[in-house]
Asks: 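Below is a structure I'd like to ask you about.
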Amino acid sequence: QYNRPDIILKRLGYSSIDLIQSYYKAYEKRLRKMGFNPNNFEKERSFNAPEVMLPESAQWFVETSQPNYTLTCSAIDKLYNIERLFIEVNGVPLFGYKGKMLDKNSEKKVSIHENIPLGNGKNIIKISVLNEKGVESLAERIEVIYTPTAPVSPNLHVIAIGVSKFKDSEYNLTYADKDAQDIVTLMESAKSRYANIRIHKFFNEKATRQNILSIRSELERTGVDDQVVVFIATHGVLDDELDYYLAMHDMDFTNPRLGGLRYDELEALLDGIPARNKLVLIDACHSGEVDKEESQLAEAKEPTGLVKTRAFKKVVRDKEGIGLQSSFELMKELFADLRRNNGSVVISSAGGKEYAFESGQWKNGVFTYAVLEGLKNGTADKDKNQMITVSELRDYVGLRVQELTAGKQNPTSRTENLENDFRVW
């Protein structure tokens, strides 16, 4: 409410109007993404936060050999009915990012009883509630260490999407399907770490929106300790509304809504599934954070020489020329980004205003080449402990792609789950 750099800069009188307006826009966007109505700030009485209360007998730290933890607590709001329950385990929402709707006849005080499946090892459980005005409580935290009586052998689920051949051949790529197959081949070589490896390949003609969304039923049968890796190599496409689509084989490039896989649909595919170790790798243009509400984007520099882009349309230069680029990037820099997500870690090949490159020199997309190199050769193992975690892979790929493209392409981590830095390799 009071984090308002736009007001401070305006009163100091030394900043440009454009920059002040951008700060204000970032403030408004932050409120919208958190689900707050700024009108709530006008009347002190109307802005009220509920509270989650654990019983006095509750233990903050629990060790168990039982696969489930029974949560019992209550929530209260002095003014408004409690509408929604959120439970996260290691940063992954138990009921999906929208939470669990409580009874339509919910009251100002509710009792909560939930059976929470535990993953092997540490389980950091956070509980919060939302009232009918869209205001969320602070989260209560319980840590449960689960040691199973028998060894746990998780399954690996790999969803590989690679599109080099499109219905409209004008947009064909060279290495996208090979990228996806190379990732599959690498993951299949890790059989000793998993009980089963289940591969779902969607290459070229099979890469349709309907086929990919149909995999949801399979993911709903995953286990808590299972790992899901989604890899996508294709064109990244922005429509006229600056919604981000991943180009499928039969997509209409003049209207990505027809046949394109919207990024929101990809997120929903992984939302609320039992598996908690979820990694998404996207080798496509405009795969970083793209500000939907920006009317224009900065012009991306086209490559020369050995590489070509995984994009088909240039965007125009930002007429404002504001150094901090879009209000989305500005918001992330200034404010805590408290949007809910599905608990996945998403590493993407290029920033929101960049192209992604592929090259005959590497026979892969540059991003994919760096992922394969880091895992296969172990060069991403920063601490040399014979294990590569999500954060190690993210850091390695980011630096390596910058090096390979002389700074023209800079991978981003679109979403990070800081509480679940799981092993990838």
Side-chain angles (χ1 to χ4, degrees), residues 90-92 119-124 151-162 178-200 222-233 270 275-283 287-288 341-350 356 362-405 409-425:
N90 295 339
V92 181
N120 188 19
K122 183 186 294 186
N123 295 261
I124 298 175
V152 174
S153 295
N155 296 316
L156 172 64
H157 302 260
V158 180
I159 301 171
I161 304 166
K178 180 181 181 294
D179 285 348
Q181 181 57 58
D182 288 350
I183 292 291
V184 167
T185 301
L186 180 66
M187 291 297 171
E188 285 179 326
S189 70
K191 291 180 180 178
S192 61
R193 285 186 46 215
Y194 301 99
N196 298 285
I197 297 180
R198 299 191 173 107
I199 306 293
H200 309 277
T222 57
V224 171
D225 288 303
D226 285 357
Q227 184 168 313
V228 177
V229 175
V230 179
F231 175 86
I232 304 174
L270 301 179
R276 292 179 185 154
N277 299 325
K278 299 178 286 189
L279 173 64
V280 180
L281 302 167
I282 304 176
D283 195 345
S287 53
N341 57 65
N342 61 23
S344 303
V345 175
V346 181
I347 306 174
S348 54
S349 61
W362 305 293
K363 302 293 191 294
N364 286 112
V366 179
F367 174 82
T368 303
Y369 175 82
V371 171
L372 293 169
E373 179 186 66
L375 296 179
K376 188 185 300 183
N377 300 339
T379 46
D381 184 10
K382 187 175 182 179
D383 58 10
K384 306 302 179 185
N385 67 347
Q386 308 302 311
M387 294 189 298
I388 299 174
T389 63
V390 169
S391 64
E392 286 179 316
L393 179 63
R394 175 202 64 206
D395 293 345
Y396 175 81
V397 171
L399 292 173
R400 186 64 172 135
V401 170
Q402 289 177 23
E403 179 184 351
L404 291 169
T405 63
Q409 182 176 328
N410 298 275
T412 64
S413 184
R414 185 181 179 103
T415 308
E416 297 182 45
N417 185 345
L418 301 179
E419 294 181 352
N420 192 25
D421 190 15
F422 58 89
R423 180 184 179 183
V424 179
W425 192 255

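Note that the structure is a prediction, hence the values are computed from the model and not measured. Side-chain atoms are counted along with the backbone in the values below, which use heavy atoms only and exclude waters and symmetry mates.
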Asks: Under the rule for salt bridge (Lys or Arg N to Asp or Glu O under 4.0 Å), what residues qualify as partners of Glu373, not counting sequence neighbours?
Replies: Arg400

Asks: So, taking the atom named CZ in Arg193 and the one named CG in Leu156, what distance separates them when rounded to the nearest 0.5 Å?
Replies: 8.0 Å

Asks: Looking only at non-hydrogen atoms, find the nearest pair between Leu404 and Tyr369 and report the distance.
Replies: CD1-CD2, 3.7 Å

Asks: For the side-chain contact (heavy atoms from CB on, under 4.5 Å) test, which of Ile183, Thr368, Asn364 pairs with Lys178?
Replies: Asn364

Asks: Would you compute the distance between atom CG of Asp179 and atom CD1 of Ile161 and round it to the nearest 0.5 angstrom?
Replies: 13.0 Å

Asks: Nearest 0.5 angstrom please: Tyr396 OH to Ser391 OG, how far?
Replies: 15.0 Å

Asks: Among residues at least two apart in sequence or on other chains, which ones pass salt bridge (Lys or Arg N to Asp or Glu O under 4.0 Å) with Asp226?
Replies: none

Asks: What's the spacing between Leu186 CG and Leu375 CG if we round to 0.5 Å?
Replies: 5.5 Å

Asks: State the CG-NE2 distance between Leu270 and His157, to the nearest 0.5 angstrom.
Replies: 11.5 Å

Asks: Distance check, rounded to the nearest 0.5 Å: Asp381 atom CG versus Leu393 atom CG?
Replies: 11.5 Å

Asks: Just one of Val158, Leu281, Val280 clears the side-chain contact (heavy atoms from CB on, under 4.5 Å) bar with Phe231, so which one?
Replies: Leu281

Asks: Only one of Thr389, Ile388, Asp383 clears side-chain contact (heavy atoms from CB on, under 4.5 Å) with Asn385; which?
Replies: Asp383

Asks: What residues form a salt bridge (Lys or Arg N to Asp or Glu O under 4.0 Å) with Glu419, not counting sequence neighbours?
Replies: Lys126

Asks: Starting from the C-alpha separation in whole Å, work towards a yes-or-no answer on side-chain contact (heavy atoms from CB on, under 4.5 Å) for Lys278 and Thr222.
Replies: CA-CA 11 Å; Lys278 299 178 286 189; Thr222 57; over 6 Å; no

